[in-house]
Amino acid sequence: MTHGPPPAAPPGGPASGAGPYGGAGPHHGAWPNSGAGPYGAAGPYGDSGAGPSQGAGAGPAASGSGGGEDPRSGDGGGAGRSEERRGSLRKAFAGLTTRGRSFLAAGVAAAVCAYALGQEELLRVGVLLAVLPLVCVLVLHRTRHRVTGYRRLTPSRVAARTETRVHLRVDNVSRLPTGLLMLQDRVPYVLGPRPRFVLDRVEPGGRREVSYRVRSDMRGRYPLGPLQLRLTDPFGMCELTRSFSTLDTLTVVPPVEALPPVRAASATGGHGEGRQRAVALAGDDDVIPRGYRHGDDLRRVHWRSTARYGELMVRREEQPQQARCTVLLDTRRAAFTGAGPDSPFEWAVAGAASVCLHLLEHGWSVRLLTEAGATAPTAEGGGALADPSDLAGLLLDTLAVVAHSEEAGLAGAYDAQRRGGGAGHEGLLVAFLGALDEEQAATLARMRQRSGRAVAFLADAPPTPTGPAGPSGPSAEGPLRVLREAGWTALPGGPGVALPALWQEADARSARVRE
């Protein structure tokens, strides 16, 4: 099971698949026979949390797994259990419903009137009205049920504005049938209303399965749970609520757009597609040799190094070098206006996610960088042969919770680029930026000098009606001109601008510059 916080739309529509988001996590397969398995147990519930480790807990009306005294306990233990039982009984009386309280009040009033008026028949009616809710409370309090709960998310990682389905299962593992149960799962308000289900009598060893859908318009990590069960008596006089202990997390990642293949993803020279070949041999006097290994071609023996080291040395073979890209995401609060799913900042986050996944699919080594210097894991951090789908999942999880920073400039990103060494040098640099001033534009110019090619999208600078390829408006003219003079391929973007078309336009402009 996965774990998680929050924004919102009503449920509806089919549950989506995992898509490009790294799969639905460990939540596939059939229902388990115990608390373990692909469905995580919702955990034990009850006042004291007693119950077996597989997720079965004391029933809603009991705080332990059975009644009676424990002969192994001393006086102190007996006193503690007695106090616990009294507390549980007080909670049971607190569970009287409006109907139960009304019956109790009417019975007491009838008994008082009967005593004052000397009406024996009215006294019987009053006693019946007062005793009925009390008997219901005691019966419900003494009822022992053992119930397990499970929750499964399909998928557990989903794009914003896409639905996911939550499956719930309740098993009755006791020897007695349950009464009427009300099942309620707690969800953040941004995911919609709390789902409630009424479960009829569950036979011993029986199970009930229900499901509901949730959807969020905003990124985030949202906790689901704990699962709550409400047990009521047949007359509706008393209602007791018990909660399971386990939470699950729904991760809502930015929406990802499919980008078209462009020359930026097939060119060479430090920012091409896939793995390049960088020859370590630059000349007869510039050789990085290694020791001879069985099976090496004798024609590759480097005799000068062999004489120097006293053992057979061969020229190092061509080494695979992965194309590199740094994606810079500007998260400064002062650089963006507006809020919500259609704000410029959310457009920038979704654009960064789309570019990261697009380049990972084409074999690039991608590093995510913010103006504060924070970076996300890269292929180089997890090994050159790291699984791209795992890296895509890590990047999406990072972007799911990225928020505004209070940084004033982009100096942290430049320092992180310098510390990264070759990870950002002579590679592709793609930046999603907000509003810029002269100092920040100068910082970006220095970052451009450390990259082979640089593309910038200004999320808070909307394009003119002529489209992304046309001239920009007055508010965007200054920053765009400064970036272009520094060697950037800079284009205005923002909400309502299709990133695939902008991506193609950036490639076309870069091609014209190279020509």
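- Remark: Thr232 engages no residue in a side chain to side chain donor-acceptor pair (under 3.5 Å) (not counting sequence neighbours).
- With sequence neighbours left out, Ala335 forms a side-chain contact (heavy atoms from CB on, under 4.5 Å) with Asp330, Arg332.
- Under the 4.5 Å side-chain criterion, counting only non-hydrogen atoms from C-beta, Trp347 is in contact with Leu499.
- Contact of the Thr164 side chain with the Val252 side chain is not registered, since no non-hydrogen atoms from C-beta on lie closer than 4.5 Å.
- Every side-chain contact (heavy atoms from CB on, under 4.5 Å) that Leu132 has, sequence neighbours left out, goes to Phe103, Cys136, Phe235, Met237.
- With sequence neighbours left out, the salt bridge (Lys or Arg N to Asp or Glu O under 4.0 Å) criterion links Arg333 to Glu406.
- For Arg124, the salt bridge (Lys or Arg N to Asp or Glu O under 4.0 Å) criterion is met by Glu120, not counting sequence neighbours.
- Residues satisfying the salt bridge (Lys or Arg N to Asp or Glu O under 4.0 Å) criterion with Asp342, sequence neighbours excluded, are Arg161.
- Applying the salt bridge (Lys or Arg N to Asp or Glu O under 4.0 Å) rule to Glu346 yields the partners Arg219; only residues at least two apart in sequence or on another chain are considered.
- At a threshold of 4.5 Å between non-hydrogen side-chain atoms, the residues Cys325 and Ser365 do not count as touching.
- For the side-chain contact (heavy atoms from CB on, under 4.5 Å) test, residues two or more places apart in sequence or in another chain that qualify with Val170 are Val147, Leu183, Leu199.
- Side-chain polar atoms of Glu371 and Ser405 form a donor-acceptor pair below 3.5 angstrom.
- In this view, Pro195 and Asp185, Val187, Phe197, Tyr212 satisfy the side-chain contact (heavy atoms from CB on, under 4.5 Å) rule, not counting sequence neighbours.
- Evaluation of the side-chain hydrogen bond (donor to acceptor under 3.5 Å, both in side chains) test over residues 93-106, restricted to residues two or more places apart or in two chains, returns none.
- Evaluation of the salt bridge (charged side-chain N to carboxylate O under 4.0 Å, His left out) test over residues 190-204, restricted to residues two or more places apart or in two chains, returns Glu203-Arg208.
- Phe345 is linked by a ring pair (Phe, Tyr, Trp, His ring centres under 6.0 Å) to Phe336, His404, counting only residues two or more places apart in sequence or in another chain.
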